[in-house]
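For reference, positions follow the sequence shown, starting with 1.
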Amino acid sequence: VWIWTKKPRCRRKWPKGRSLTTSSSLDSLEGARRQRQIVNSRPLQVWLVTAGEPSPGDGESVRLYRTGMLAHHLAKTGHRVVWWQTDFDHHRKIHRFGKNTELALASGLTQRVLHGRGYSRHVSLARLRDHRDVANAFDLLAPESPKPDVIVAAYPTIELAAACARFACPRKIPLAIDIRDLWPDSFAEIFPSILRPVARLVLAPYQGLARRTLASADALFSITGPMLDWALAKAGRARRPTDAVIPFGYEPNLDEAGR
């Protein structure tokens, strides 16, 4: 297992200008709406980094998830967005391009596609190798790209979020991590109860990587309060004003069309 050993001790200041978050209201739908408000003046260069979400090119009826909706929203409100996404389509189990690729999705919105070897099963060593490939691709391509004002990285995958932390920390770029699943704690649950102590021992390197990655974040977001509490415990710190619970969203026009 590939490990990040550097201790994350690099608190950064949020960029001046338009905010991606406010600290006034948390843990409510109204709070989530306020978290998405864009205020003040200058546009930001924003990197959104995720793995496994649908992309606009996946089909005519594709429904974008959390990062995809945020990417389009930020671009429409004047920010310059780079959406880092995986080449391998997790749902269809196919590669989109077969290589690292860059394409323009809309005005102010660019997608950087990170190639990995792919996998045929959700639970497999091949999937872990693919996650490592994608993180390595980010390690290679990110330093060649214009420096962002802020990075918002989805978690999981652990490896890609860790790559974002390694990139952001020495460059003093503010990093927010959006928690969506309890990796690697949930890994042990797939094993029979008699094997779980052994599984936890094998997964110890991932536990260390998760703790270092979450501890390096300037802000932690999550879809539920208990999940945010889990992330804070992993990070070994108390909640800050920049941490927030932001529930899953949806496109209103899709909801209305289904009625």
Side-chain angles (χ1 to χ4, degrees), residues 4 6 8-24 26 31-51 53 64-85 100 102-114 134-135 137-155 160-180 213-222 231 235 237 240-244 246 249:
W4 176 36
K6 184 176 180 179
R9 293 291 182 268
C10 49
R11 293 291 304 280
R12 293 137 293 204
K13 293 182 179 180
W14 286 95
K16 294 180 180 179
R18 295 187 175 185
S19 296
L20 298 181
T21 63
T22 63
S23 59
S24 58
L26 305 174
R33 282 191 288 270
R34 293 184 185 179
Q35 292 288 337
R36 293 193 296 270
Q37 289 178 348
I38 307 301
V39 298
N40 297 331
S41 54
R42 76 175 181 91
L44 298 176
Q45 177 79 24
V46 183
W47 283 9
L48 304 178
V49 187
T50 190
E53 288 197 12
L64 297 181
Y65 288 2
R66 192 171 173 91
T67 299
M69 289 189 292
L70 180 60
H72 283 273
H73 173 74
L74 291 175
K76 287 177 181 177
T77 51
H79 296 287
R80 300 182 302 277
V81 181
V82 178
W83 175 10
W84 297 82
Q85 165 73 301
N100 296 326
E102 180 176 353
L103 60 156
L105 297 182
S107 177
L109 175 56
T110 300
Q111 189 173 63
R112 300 292 302 271
V113 179
L114 303 169
V134 170
F138 182 88
D139 284 336
L140 178 66
L141 296 174
E144 301 174 354
S145 305
K147 181 180 174 180
D149 294 305
V150 62
I151 299 174
V152 181
Y155 178 105
L160 188 53
C164 291
R166 287 196 307 275
F167 178 81
C169 189
R171 295 169 177 83
K172 302 187 184 303
I173 300 169
L175 171 67
I177 295 181
D178 185 27
I179 314 301
R180 306 179 184 185
T213 299
L214 296 175
S216 74
D218 299 278
L220 293 173
F221 305 152
S222 191
R237 66 169 177 82
R240 301 171 185 156
T242 51
D243 302 324
I246 305 177

Stepwise, does the side-chain contact (heavy atoms from CB on, under 4.5 Å) test hold for Arg42 with Leu44? CA-CA 7 Å; Arg42 76 175 181 91; Leu44 298 176; 3.7 Å; yes

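- Between Phe167 and Phe138, the ring planes are perpendicular. Angles over 60° get that label, and only those under 30° would be called parallel.
- Pairing each heavy atom of Leu160 with each of Thr50, the nearest pair is CD2-O, 3.7 Å.
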Step-by-step side-chain contact (heavy atoms from CB on, under 4.5 Å) determination, Asp149 to His79: CA-CA 11 Å; Asp149 294 305; His79 296 287; over 6 Å; no

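- Note on Arg180 versus Glu53: salt bridge recorded, some NZ/NE/NH1/NH2 to OD/OE distance being below 4.0 Å.
- Distance check: Arg237 CZ to Asp243 CG gives 4.0 Å after rounding to the nearest 0.5 Å.
- The structure places CG of Leu103 at 8.0 Å from OG1 of Thr110, a figure rounded to the nearest 0.5 Å.
- Counting all heavy atoms, side chain and backbone alike, Ala165 lies closest to Leu175 at CA-CD2, 3.7 Å.
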Could you go through the side-chain contact (heavy atoms from CB on, under 4.5 Å) check for Trp47 and Ser145 one step at a time? CA-CA 11 Å; Trp47 283 9; Ser145 305; 3.6 Å; yes

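- Shortest non-hydrogen contact noted between Val82 and Arg112 is CG1-CG, 3.5 Å.
- Listed here is the closest heavy atom pair of Thr242 and Ala219: O-CB, 3.5 Å.
- Each of Thr67, Val150, Asp178 was checked for a side-chain contact (heavy atoms from CB on, under 4.5 Å) with Leu48, and the lone residue meeting it is Thr67.
- The shortest heavy-atom contact between Ile173 and Asp218 is O-OD2, 4.2 Å.
- Residues Ala153 and Ala161 come closest through the heavy atom pair CB-CA, 4.5 Å.
- To the nearest 0.5 Å, atom OG1 of residue Thr213 and atom CD1 of residue Ile177 are 6.0 Å apart.
- Between the CD atom in Gln45 and the CD1 atom in Ile151 there is a gap of 10.5 Å [rounded to 0.5 Å].
- Crowding of Lys147 atom NZ: a count of heavy atoms from other residues, nucleotides or ligands under 6.0 Å exceeding 12.
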